[in-house]
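Below is one structure, written out as structure tokens; comments come after it.
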Amino acid sequence: MGQQFIKFAMVGVLGFVTDLLIFYLLVFMNIESLVARVCAFWCATIVTWLGYRLFTFAAYDSDWFKQLIRHLSVSHLFGLMNISVFYCLSLIVPLFLAFLVGTTIAMLGNYTFSKFWVFSEKHEKAAT
């Protein structure tokens, strides 16, 4: 796991910052918090896909479109978990804490599916 997980985490931090900045920008613009959260999540999903493809899992250069579709599937699965946790917690704790907990819970599942399905070396070898 080691170095690859560190790269994954670095891209994840970039995605998190993107997510957070867009979320608070939209909230500042008086967009309802759940709508802002979903829009920010979609932006962060594209940023992370690019980062994972070009940096974290760059050695596995399979069809970019298949990777994108897989990444969107995984991101939405764990994004649903992330946003559900965010929504439930936002009713009882500060928004930033709800945001942080939702993101953290989804990260481990996202890494596992990214490594073993989205950008998997196994899929890479099967495609050749």
Side-chain contact test, heavy atoms from C-beta onward, threshold under 4.5 Å: evaluate it for V35 versus L26 and give yes or no.
-> no
Of all heavy-atom pairs linking F5 and M107, the shortest is CZ-CE, 3.7 Å
Work out which heavy atom in F99 is nearest to a heavy atom in N82; give both atom names and the distance.
-> O-OD1, 4.5 Å
What do the steps show when you test H71 against W64 for side chain to side chain contact (heavy atoms under 4.5 Å, CB included), and what is the final call?
-> CA-CA 10 Å; H71 179 71; W64 69 269; over 6 Å; no
Calculate, to the nearest 0.5 Å, the distance between atoms CD1 and CG belonging to I83 and L34 respectively.
-> 7.0 Å
Looking only at heavy atoms, which two atoms of L89 and A98 are closest? And how far apart?
-> CB-CB, 3.7 Å
Is it true that a side-chain atom of S90 and a backbone atom of Y87 form a donor plus acceptor pair closer than 3.5 Å?
-> yes
Check W49 against Q67 and note the closest heavy-atom contact, atom names and distance.
-> NE1-C, 3.7 Å
Should we say atom CZ of F113 is surrounded by more than 12 heavy atoms from elsewhere, each under 6.0 Å from it?
-> no
Is there a side-chain contact between Y52 and K115, using heavy atoms and a 4.5 Å cut-off?
-> no
Do you see a donor-acceptor pair shorter than 3.5 Å between the side chains of H76 and T45?
-> no
Flag yes if L100 and V27 sit in one hydrophobic cluster, no otherwise; membership is Ile, Leu, Val, Met, Phe, Trp, Tyr, and two members link when side-chain heavy atoms are under 4.5 Å apart.
-> yes
Student check: side-chain heavy atoms of L20 and F96 closer than 4.5 Å = yes
Heavy atoms of F41 and D19 approach each other most closely as N-OD1, 3.3 Å
Hydrophobic cluster identity match, L72 and L77, side-chain contacts under 4.5 Å = yes
Mind listing the closest non-hydrogen atom pair of A106 and F78 along with its distance?
-> CB-O, 3.4 Å
Applying side chain to side chain contact (heavy atoms under 4.5 Å, CB included), run through F86 and T103 and close with a yes or a no.
-> CA-CA 8 Å; F86 164 79; T103 301; over 6 Å; no
Path from L54 to F65 over hydrophobic side-chain contacts below 4.5 Å = no
What's the spacing between I46 CD1 and T48 OG1 if we round to 0.5 Å?
-> 7.5 Å
Does NZ or CZ of R53 fall inside the cone over F119's six-membered ring, less than 6.0 Å from its centre and within 45° of the axis?
-> no
Taking a hydrophobic cluster as the set of Ile, Leu, Val, Met, Phe, Trp and Tyr residues connected by side-chain heavy atoms closer than 4.5 Å, whether directly or through intermediates, do L21 and V13 fall within one such cluster?
-> yes
same_hphob_cluster(F8, I105) at 4.5 Å side-chain heavy-atom cutoff = yes
Derivation of the side chain to side chain contact (heavy atoms under 4.5 Å, CB included) call for F23 and L95 = CA-CA 11 Å; F23 171 71; L95 286 181; 4.3 Å; yes
Close side-chain approach of F55 to M10, heavy-atom, < 4.5 Å | yes
Between atom CD1 of I22 and atom CH2 of W42, what is the distance when rounded to the nearest 0.5 Å?
-> 12.5 Å
